J.: 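Take this structure first; my questions come after.
Counting begins at 1 with the first residue of the sequence. In what follows, every heavy atom counts, from backbone to side chain, and hydrogens, waters and symmetry copies are set aside. Just follow the structure's listing: the first ligand is 1, and inside any ligand the first atom is 1. Here the structure is a predicted model, which means the values were calculated and not measured.
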Amino acid sequence: MSELQAKYLIDYKQPDYTINHLSLDFQLNIPTTEVVAVSQVERKSKQATQLVLEGDELELVSVKINGQSATHQVKDKQLFIEAELDNFELEIITHLKPAENTALEGLYMSDGAYCTQCEAEGFRRITYYLDRPDVLAKFDVRVEADKAEFPFLLSNGNLTAKGDTENGRHFASWQDPFPKPSYLFALVAGDFDLLEDNFITRSGRDVKLQVFVDKGNLHKAHHAMESLKKSMKWDEERFDLEYDLDIYMIVAVDFFNMGAMENKGLNVFNTKYVLADKESATDDDYHGIESVIGHEYFHNWTGNRVTCRDWFQLSLKEGLTVFRDQEFSSDVGSRPVNRIQAIQVIRNHQFAEDAGPMAHPIRPESVIEMNNFYTVTVYNKGAEVIRMMHTLLGEQKFQAGMKLYFERHDGQAVTCDDFVAAMEDASGVDLKQFRQWYSQAGTPTVAVNESFENGSYQLTLTQSRPEIAGNNDLPMHIPFDVELLDAEGNSITSKVLNFTEHKQTFTFDGLEQKPVVSLLQDFSAPVKLEYQYEDEHLAHLMRYANSEVARWEASVSLFSKAVWDNVKALSEGKTMQLNSIVQDAFKGVILDENLDEELIAEVMSVPSISSLVEQVETVDLDALIIARRFVKDELAVGCEDEVVARYHASKGKDNASARALKNECLAWACVANEEYEALVETQYQSATNMTDSLGALKVSSDLNLSNRDSLMTHFENKWVDTPLVMDKWFTLQAIQDSEQVIDKIKALTTHKAFSFNNPNRVRSLIGSFAVGNVEHFHKADGSGYQYLTEILKKINTINPQVAARIITPLIQFSKFDQGRQQHIKACLQELMALPDLSKDLFEKVSRALA
Ligand code: TRP
Ligand code: ZN
């Protein structure tokens with residue numbers, strides 16, 4: 001079978017053999033590391049004669065069964081072993097080259113430390129194995145390396161022995177008492193600064209907590225440690241879940257493909273989600289760290305104790321764990337602000353994925369490269385699906401469902417369906433129709449019609465969804481949250497409608513006047529709404545809706561409508577205009593003293609171009625950019641005095657909400673009038689934290705103020721040796737509005753702080769150009785597309801996972817004009833013709849061209 005062939009969920013079969021215990025012995029050396037893997041194998045299917053193991057980029061040294069050399073054959077990344085025994089010991093010796101591993105999968109070097117990344121299928125780059133999540137083994141690991149260079153030798157579970165060996169080397173032995181799939185294995189060897197603490201669990205277990213960071217960064221590890229302790233406590237209180245080992249380790253590494261990895265007892269993190277101090281990290285960074293630390297910790301139960309049967313079930317652990325980390329952030333921080341940010345991820349990214357060539361259900365049915373399915377659909381739409389169940393069941397029954405899920409499946413590898421069944425059985429709520437959310441791709445649309453007669457208000461909802469292979473036309477179960485308000489803004493009623501048919505009418509009787517309706521409150525389902533709002537209606541909701549999320553929603557709709565009205569005006573050759581109702585509604589929010597400042601900042605941040613694109617079928621991108629800028633500028637000019645007043649009022653306050661509002665106000669002020677550049681200069685020069693200095697720098701760079709170059713240079717000189725801060729600088733360079741931006745980016749790829757081998761650098765410079773610089777990336781002459789293609793060719797061979805991630809903006813814009821589409825197609829064909837095209841890019845490019 002060619003490795004470019006898709007695998008299908010319907011083809012799932014239990015393995016013929018399983019492995020109950022694995023001993024791994026690592027002799028860590030550069031250039032060649034030796035791995036001795038001894039498996040206790042059990043034959044499950046008695047007629048099986050051949051054990052088939054997966055392996056990749058390995059040098060096979062020997063294969064033995066019960067101490068005797070075994071008959072075997074290697075073919076297409078698989079090892080076939082004759083094995084007509086019910087129980088046997090299998091010993092495999094392999095050689096690896098960690099220093100040459102730039103894909104950062106399997107065992108690799110990050111800045112002088114050995115580390116591993118095994119999810120999803122990286123363990124097969126360490127040894128030949130049954131590298132699939134439904135094979136659960138107890139692991140014993142022995143690691144040996146040079147003592148001076150690698151004083152810390154870490155793996156999963158508990159340390160059982162350590163000591164010196166010969167030639168300045170030492171070893172450590174680790175035992176993980178919990179059976180686990182290979183993707184949760186981890187090993188780290190290096191020299192670090194270590195921050196230690198402890199946590200006493202509810203039942204009195206004293207857990208040692210360790211955070212390992214690059215030398216010299218100890219002072220930046222405290223927020224991560226506090227976040228870990230908060231997570232442990234929260235999971236006990238809200239989910240009744242306690243930690244289960246005596247030690248919990250977190251290692252921060254510079255070279256990492258994703259955010260972090262939940263390996264049992266030994267999480268490996270991207271430094272971006274660990275290191276922080278006030279001078280170098282923004283409030284958003286602090287928030288991101290807390291949420292990712294929480295996310296990985298919560299995986300200990302949802303992912304590790306109960307894992308996935310196969311990779312098609314990824315959302316079983318990821319959707320659920322994102323839901324849990326969102327709830328954590330909401331319980332310890334601002335619920336409405338967290339909800340708004342989650343909604344934005346769906347609208348800015350997930351809707352586009354679901355409308356593009358990579359559209360897939362949260363439980364995909366066919367996969368070529370699993371790494372391509374760690375997506376906003378599986379993660380974030382998956383979390384929305386869990387959230388809908390939470391809405392339908394309520395907290396108490398949902399928690400009863402969680403309890404039953406663990407009672408039934410602790411220690412097992414299970415399916416999404418097992419999860420839903422537990423929810424259903426514990427609650428008595430019928431989720432049969434609801435299960436459709438797991439199998440349907442694309443974003444459903446709900447069209448809303450209303451009527452009012454004789455005190456009776458009727459809402460008629462109609463649902464539809466895109467025709468995508470694998471979709472059926474049965475209606476979905478959509479929890480649809482509505483609130484009715486009267487003309488004075490008082491709430492008449494608020495409830496969640498069970499919208500389960502293609503078309504359904506809901507009646508509200510006994511009303512004195514036609515109500516003002518607030519639809520899909522709290523984004524109660526991940527759908528698009530079709531409803532003809534009037535400006536007055538939205539302004540009313542912005543002012544009076546009960547929930548803050550609904551008020552923000554109304555601002556999004558009002559802004560969007562103003563943009564589309566002006567796109568239309570442009571196409572008809574009319575002059576653009578902004579209704580004073582819109583102006584007043586935004587002014588009202590900006591002046592509102594009772595609203596959380598961060599919420600006002602969210603309203604002021606106005607919808608992104610990509611979220612606007614997702615609201616329509618086809619779009620004139622140039623007109624959209626002009627109209628959006630027009631509306632933004634008009635609002636800023638109209639609110640100049642208010643914004644400046646709030647800027648000064650927020651200045652003295654030392655909290656994240658005030659800083660968020662202050663930075664939005666500064667941006668609006670400078671859009672209104674460049675004379676506020678003085679405020680930018682002062683804020684930058686007197687800043688005592690990164691949120692303030694970066695906020696000022698961003699305004700200067702985005703608006704190309706006259707102090708831009710001097711501030712950018714100052715920042716560069718100050719931070720050139722702090723990679724995570726330079727990422728912020730690279731991003732500002734990449735999203736600047738300049739005709740020369742591509743040449744500037746090209747020049748920056750030779751900057752001493754840049755490296756194509758480091759995913760964070762590539763994402764901050766190249767990724768943010770493609771995602772965040774819509775105007776120049778999507779330039780009509782195709783130059784942006786060509787530049788990304790050039791880079792992709794290079795990264796394809798260095799790190800296929802990173803290449804496949806940053807290609808996203810090139811495959812998601814089928815709504816644009818023919819000219820742009822032609823340019824995109826030519827680029828994709830060029831990639832398709834590469835002789836060494838990775839599986840990762842192959843899957844995306846071929847789907848985009850199909
Ligand atoms: N399971 C990880 C998480 O959600 C995701 C992850 C980390 C990952 N590193 C990876 C997925 C590498 C694929 C490849 O927290
Ligand atoms: Zn996860």
J.: How close does the nearest protein non-hydrogen atom get to atom 7 (C) of ligand 1, and which residue and atom is it?
T.: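 The answer is Ala260 O, 2.9 Å.
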J.: I'd like to know: is the Zn ion (ligand 2) within the 2.8 Å range of an N/O/S atom from Glu262, strictly under that distance?
T.: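 False for Glu262.
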J.: Return a yes/no value for Asn257: is any of its N or O atoms, backbone included, closer than 3.5 angstrom to an N or O of ligand 1?
T.: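 Not met; the criterion fails.
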J.: How about Lys138: does its NZ atom have over 12 heavy atoms from other parts shown lying under 6.0 Å from it?
T.: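 Atom NZ in Lys138 is not packed in, count stays at 12 or less.
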J.: Near Glu296, which atoms of ligand 1 are under 4.0 Å from a heavy atom of that residue?
T.: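 Counting atoms of ligand 1 from 1, those under 4.0 Å from Glu296 are 3 (C), 15 (O).
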J.: Could you tell me, atom by atom, which parts of ligand 1 come under 4.0 Å of a heavy atom of Asn371?
T.: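 Near Asn371, the atoms of ligand 1 are 13 (C), 14 (C).
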J.: Can you sort out which atoms of ligand 1 are near Met258, meaning under 4.0 Å from one of its heavy atoms?
T.: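 Result: 5 (C), 6 (C), 7 (C), 8 (C), 9 (N), 10 (C), 11 (C), 12 (C).
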J.: Taking just the N, O or S atoms of Glu318, which one is nearest to the Zn ion (ligand 2)?
T.: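 Closest N, O or S atom of Glu318 to the Zn ion (ligand 2): OE1.
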J.: Output the list of atoms in ligand 1 that are nearer than 4.0 Å to some heavy atom of Gln117, sorted by atom number.
T.: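 Result: 9 (N), 10 (C), 12 (C).
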J.: Of the side chain and backbone of Val292, name the one, both, or neither that has a heavy atom under 4.0 Å from an atom of ligand 1.
T.: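 Neither; no heavy atom under 4.0 Å.
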J.: Check Lys317 against ligand 1 and report side chain, backbone, both or neither, counting heavy atoms closer than 4.0 Å.
T.: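 Contact part for Lys317 vs ligand 1: side chain (C-beta onward).
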J.: Counting distance only, does the side-chain N/O of Thr321 pair as donor-acceptor with the main-chain N or O of Thr302 below 3.5 Å?
T.: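 Checked: pair present.
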J.: I'd like to check which ligand 1 atoms, numbered from 1 as shown, lie under 4.0 Å from a non-hydrogen atom of Glu262.
T.: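 Once the distances to Glu262 are compared, the set is 1 (N), 2 (C), 3 (C), 15 (O).
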J.: Where on Glu105 is there a heavy atom closer than 4.0 Å to ligand 1, on the side chain, on the backbone, on both, or on neither?
T.: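 It is neither part, as no heavy atom is under 4.0 Å.
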J.: In the protein, which heavy atom is nearest to atom 4 (O) of ligand 1, and how far is it?
T.: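 For atom 4 (O) of ligand 1, the nearest protein heavy atom comes out as Tyr379 OH, 2.6 Å.
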J.: Restricting to N/O/S, name the atom of His299 that gets closest to the Zn ion (ligand 2).
T.: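 Within His299, restricted to N, O or S, the Zn ion (ligand 2) is closest to atom NE2.
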J.: Side chain to side chain contact (heavy atoms under 4.5 Å, CB included) with Leu58: which residues, sequence neighbours excluded?
T.: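 Applying side chain to side chain contact (heavy atoms under 4.5 Å, CB included) to Leu58 gives Thr94, Leu96, Tyr128.
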J.: Ligand 1 versus Glu119, non-hydrogen atoms closer than 4.0 Å: side chain, backbone, both, neither?
T.: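 Both the backbone and the side chain of Glu119 come within reach of ligand 1.
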J.: Would you compute the distance between atom CD1 of Ile250 and atom CD1 of Ile293 and round it to the nearest 0.5 angstrom?
T.: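 With rounding to 0.5 Å, CD1 (Ile250) is 4.0 Å from CD1 (Ile293).
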J.: For Tyr374, is at least one N or O under 3.5 Å away from an N or O on ligand 1?
T.: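 N/O-N/O distance under 3.5 Å: no.
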J.: Do you see a donor-acceptor pair shorter than 3.5 Å between the side chains of His299 and Glu318?
T.: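 The criterion, which ignores hydrogens and geometry beyond distance, is satisfied for Glu318 and His299.
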J.: Does Leu831 form a side-chain contact (heavy atoms from CB on, under 4.5 Å) with Ile807? I'd like the steps, not just the answer.
T.: CA-CA 11 Å; Leu831 289 170; Ile807 199 180; 3.9 Å; yes
J.: Parallel, tilted or perpendicular: which fits the ring planes of Phe239 and Trp234, with parallel below 30° and perpendicular above 60°?
T.: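 Tilted, since the angle between the ring planes falls between 30° and 60°.
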J.: Listed by chain and number, what are the ring-ring contact (aromatic ring centres under 6.0 Å, His included) partners of Tyr286, not counting sequence neighbours?
T.: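 Here the qualifying residues are His223.
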J.: With ring pair (Phe, Tyr, Trp, His ring centres under 6.0 Å) as the test, pick out the partner of Tyr243 among Trp301, Phe298, Tyr248.
T.: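 With Tyr243 as partner, Trp301, Phe298, Tyr248 yield a single ring pair (Phe, Tyr, Trp, His ring centres under 6.0 Å), made by Tyr248.
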J.: Distance alone, cut at 3.5 Å: any donor-acceptor contact between the side chains of Asn338 and Arg335?
T.: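 Their side chains do not contain a donor-acceptor pair, so the 3.5 Å distance test is not met.
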J.: Show the atoms of ligand 1 that are less than 4.0 angstrom away from any heavy atom in Gln801.
T.: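 Here the atoms of ligand 1 in question are 12 (C), 14 (C).
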J.: Would you say His299 contacts ligand 1, with heavy atoms under 4.0 Å as the rule?
T.: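 Yes, His299 has heavy atoms under 4.0 Å from ligand 1.
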J.: Test Phe419 against Tyr438 for ring-ring contact (aromatic ring centres under 6.0 Å, His included), laying out the working first.
T.: CA-CA 12 Å; Phe419 179 83; Tyr438 283 90; 8.1 Å; no
